[in-house]
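For the single chain, residues carry numbers from 1 onward in sequence order. Predicted, not measured: the structure shown is a model, and the values here were computed from it.
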Amino acid sequence: MMLGNAQQATTATVQAGGAITAALVPASLIPVVGIAVAGITLALSFIFNRRGPQQRIASTRIVEELEPQLRANVEAYTSGPRTSASQQQALANFDNSWNFLTSNQACGSPDLGNPGRACITDRARGG
């Protein structure tokens, strides 16, 4: 009876984990590998399939590409002739960069999840 309960509990856990986990630990193997090993397999599959690290890396790369250009934009404006036209162009450069950063092509992409949202809020006014 104990084995049946363990198998049912692990099968429910595997089913809750989705198709990836079900492929890793078929219900027929649970009595053979044991509930603890099946649980570890489940935990490892969540670690291996999480997107957090890749999302953080992607959002960081976007900012690392934009930041030097924005610094150069400020330096070019402050060291050059501060005309109305150069100010408008420098501000347009910033606005275009911000629009890109918040767009679906950059940190605003839903694929970047929480790291993408943090990429934007950390750089927003007051962030």
Side-chain angles (χ1 to χ4, degrees):
M1 194 65 131
M2 181 80 148
L3 178 60
N5 290 340
Q7 183 175 1
Q8 289 170 350
T10 304
T11 301
T13 303
V14 169
Q15 289 172 347
I20 293 171
T21 306
L24 292 175
V25 186
S28 61
L29 288 181
I30 291 171
V32 176
V33 299
I35 193 164
V37 174
I40 292 169
T41 303
L42 177 65
L44 288 173
S45 72
F46 287 132
I47 292 170
F48 298 153
N49 293 305
R50 69 181 180 182
R51 297 184 330 174
Q54 293 86 9
Q55 292 169 323
R56 280 192 300 269
I57 291 168
S59 60
T60 300
R61 284 186 181 153
I62 292 165
V63 173
E64 287 175 347
E65 290 178 14
L66 281 177
E67 183 184 10
Q69 299 305 315
L70 290 170
R71 286 184 191 272
N73 186 49
V74 170
E75 290 172 15
Y77 172 71
T78 57
S79 66
R82 293 186 186 184
T83 64
S84 178
S86 65
Q87 180 185 35
Q88 288 175 0
Q89 186 59 54
L91 290 172
N93 290 342
F94 174 82
D95 289 342
N96 290 335
S97 297
W98 180 255
N99 289 336
F100 171 75
L101 182 72
T102 59
S103 74
N104 283 341
Q105 291 90 22
C107 290
S109 171
D111 292 337
L112 292 182
N114 287 335
R117 286 186 286 281
C119 171
I120 295 169
T121 58
D122 289 353
R123 287 157 184 85
R125 188 173 299 222

Open item on the list: Can you give me the closest heavy-atom contact between Gln55 and Gly113, atom names plus distance?
Closed with: NE2-N, 3.6 Å

Task: Sidechain-backbone polar pair: Ser59 side chain, Arg56 backbone, donor-acceptor under 3.5 Å - done: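 Present.
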
Open item on the list: I'd like to know if the side chain of Asn99 reaches the main chain of Asp95, judged simply by a donor and an acceptor atom lying under 3.5 Å from each other, with no hydrogens or angles considered.
Closed with: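 It does hold such a pair.
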
Task: Partner set under side-chain contact (heavy atoms from CB on, under 4.5 Å) for Gln87, not counting sequence neighbours - done: Tyr77, Leu91

Calculate, to the nearest 0.5 Å, the distance between atoms [atom1] and [atom2] belonging to [X] and [Y] respectively.
X: Asn104; Y: Leu112; atom1: CG; atom2: CG; value: 9.5 Å
X: Phe100; Y: Glu65; atom1: CZ; atom2: CD; value: 7.5 Å
X: Asn73; Y: Thr78; atom1: CG; atom2: OG1; value: 9.5 Å

Hey, can you pull the donor-acceptor pairs under 3.5 Å for the side chains in residues 119-127, sequence neighbours left out?
residue	atom	partner	partner atom	Å
Thr121	OG1	Arg117	O	3.2
Arg123	NH1	Cys119	O	2.9

Task: Phe94 side chain reached by Ser97 side chain, heavy atoms, under 4.5 Å - done: no

Open item on the list: According to salt bridge (Lys or Arg N to Asp or Glu O under 4.0 Å), who are the partners of Arg71, at least two apart in sequence or on a separate chain?
Closed with: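 Partners of Arg71 under the salt bridge (Lys or Arg N to Asp or Glu O under 4.0 Å) test: Glu67.
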
